[in-house]
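These figures come from a predicted structure and were not determined experimentally. Proteins get letters first, then strands, A, B, ... in listed order; numbering begins at 1 in each.
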There are 2 protein chains.
Amino acid sequence: MAIRDYKDDSFLSLLRPLVEAYLAFYRVGNRHIQSLGLTPGQFDVIAELEGTEGLTCAELAEHTLTTKGTLTGVLDRLELKGLIQRGDVSGDRRATKVQLTPKGAILFQQVFPVHAEYMRPFFAQALNESEVQVAKQLLRRIRDSFNDPIRQSSIGSQPTEYSSIDTSTT
Amino acid sequence: MAIRDYKDDSFLSLLRPLVEAYLAFYRVGNRHIQSLGLTPGQFDVIAELEGTEGLTCAELAEHTLTTKGTLTGVLDRLELKGLIQRGDVSGDRRATKVQLTPKGAILFQQVFPVHAEYMRPFFAQALNESEVQVAKQLLRRIRDSFNDPIRQSSIGSQPTEYSSIDTSTT
DNA sequence: TATTGTTATACTCTATAACTATA
DNA sequence: TATAGTTATAGAGTATAACAATA
């Protein structure tokens with residue numbers, strides 16, 4: 001498998017701008033979320049729950065891209081803060097339904113618009129209306145391409161020519 | 001400050017596609033980096049050091065968006081793996097110059113093209129050449145807007161109408 | 001047997017602040 | 001006094017695997 005000169009590869013040259021745009025955005029937004037006493041992971045869970053009747057842990061784990069084990073800890077902390085509650089699922093006694101409490105719902109409804117309003121000028125300064133439409137479309141295609149499970153499995157099955165290099169500690 | 005209906009705000013509707021595109025990309029790339037025995041933070045440091053004569057800890061911390069304290073731990077682990085080395089800076093005996101070892105340089109030179117080649121089809125599947133050029137330009141403008149320190153300080157100085165909600169544990 | 005969620009372990013990152021050795 | 005890097009601490013996310021209850 002011949003490896004091209006990646007510096008001249010127009011597709012790969014998109015990698016850095018994508019990372020940089022996201023990280024610049026993330027850094028600003030994260031600072032704001034932290035000032036609310038939440039972590040990004042906790043905010044994610046609340047945002048996913050908002051507008052639903054409740055989700056199971058399995059559904060939440062899938063949406064927030066974490067494992068069940070990690071999620072348990074995040075939910076514990078949110079429950080301690082009184083922002084979510086765990087309940088039964090009728091029909092499956094193994095499952096747990098996670099819902100926002102009234103306090104959690106109010107928090108999101110107050111916080112998200114403020115957060116959105118906080119972020120808006122950054123986007124408005126960067127792009128005009130029609131450019132936003134273009135950007136959205138292109139970003140969605142990038143997302144869909146990386147979320148395509150067929151491509152992932154076929155590409156992912158060619159590992160490690162570099163495995164001659166040992167990065168382990170011992 | 002009147003808060004618009006954010007669901008109809010075309011600027012804010014860009015927020016979700018940006019996050020989703022990045023996360024989809026990140027998830028795929030991260031899985032690949034992990035298979036090399038590195039964490040994202042460690043890979044970042046190596047990528048920053050590549051092609052330099054060495055950077056100080058302060059420079060590295062700035063580039064990788066972490067604090068000095070966090071960086072020390074990351075560097076310790078990379079040093080254990082023999083991928084970086086710490087040396088003196090002539091002229092300032094407080095400072096430390098961090099460099100890739102030959103092993104680290106070889107790792108990057110082997111790993112990055114493979115990593116890039118691994119990622120390329122995902123982008124190529126999503127966009128054609130001219131769309132890539134457009135996307136790059138728009139993403140750079142988003143990045144620059146969020147990195148603009150003037151805007152950040154003026155915007156950031158309007159905090160917490162939502163601070164009536166207490167998210168603390170005790 | 002398979003699935004749901006929790007628990008346990010071990011590691012990494014994070015923010016913050018105190019500390020040292022220089023400057 | 002200020003800066004460069006380390007150390008210390010406490011919290012939070014991560015991957016993995018074992019586990020109990022249920023399906």
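Each of C/dC13, C/dA15, D/dT6 was ranked by its minimum atom distance to the side chain of B/Arg77; first place goes to C/dC13. Taking the side chain of B/Gln42 as heavy atoms from C-beta on, and the options C/dT7, D/dA15, C/dT12, the nearest nucleotide is C/dT12. Between C/dA15, C/dT7, D/dG5, one nucleotide has an atom nearer to the side chain of A/Thr72 than all others, and that is C/dT7.
A sub-4.0 Å separation between OP1 or OP2 of C/dC13 and a side-chain N or O of B/Thr39 is present.
When atom types are taken as modelled, the side chain of A/Lys81 and the backbone of A/Leu38 share no donor-acceptor pair closer than 3.5 angstrom. Counting only distance, with no hydrogens or angles, the side chain of B/Glu50 and the backbone of B/Ala105 share no donor-acceptor pair below 3.5 Å. The main-chain N or O of A/Val45 is never found under 3.5 Å from a side-chain atom of A/Thr64 such that the two would form a donor-acceptor pair. B/Thr52 contributes a side-chain N or O that, together with a main-chain N or O of B/Leu49, makes up a donor-acceptor pair within less than 3.5 Å.
Using a 4.0 Å heavy-atom criterion, one finds that B/Val89 contacts no nucleic acid atom at all. When heavy atoms are screened at a 4.0 angstrom cut-off, B/Gly73 is found touching no nucleic acid atom at all. A/Thr67 comes within 4.0 angstrom of a base, heavy atoms only.
A salt bridge between A/Asp92 and A/Lys97 is absent, with no side-chain N of the basic residue lying under 4.0 Å from a carboxylate O of the acidic one.
Two residues, B/Gly69 and A/Thr70, neighbour DNA chain D, and the one matched to the more 5' nucleotide by heavy-atom proximity is B/Gly69. Where B/Val74 and A/Leu55 meet DNA chain C, the nucleotide closest to each residue was compared, and A/Leu55 sits on the side nearer the 5' end.
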Per-nucleotide protein contact string for nucleotides 18-23 of chain D (B base, S sugar-phosphate only, - none; heavy atom under 4.0 Å) | ---BBS
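In the hydrophobic cluster analysis, where Ile, Leu, Val, Met, Phe, Trp and Tyr join through side-chain heavy atoms closer than 4.5 angstrom, A/Leu65 is grouped together with A/Tyr26.
If you take CG of B/Leu71 and P of C/dT16, they are 17 Å apart, rounded to a whole angstrom. Atom pair A/Leu78:CG and D/dG11:P shows a separation of 16 Å (rounding to whole Å applied). Atom NZ in B/Lys97 sits roughly 13 Å away from atom P in D/dG5 (whole-Å rounding). The interatomic distance linking B/Glu79 (CD) with C/dT12 (C1') rounds to 17 Å, in whole Å. In this structure, A/Leu38 atom CG and C/dA15 atom P are separated by 15 Å, rounded to whole Å. The distance from atom CG of B/Leu75 to atom P of C/dT12 is 13 Å, rounded to the nearest whole Å. In this structure, A/Leu60 places its CG atom 15 Å from C1' of C/dT6, rounding to the nearest Å. Atom CD of A/Gln34 and atom C1' of D/dG11 are 12 Å apart (whole Å).
Ring-plane geometry between B/Phe146 and A/Phe123 is classed as perpendicular, the angle between the planes exceeding 60 degrees on a 0 to 90 degree scale with a lower cut at 30.
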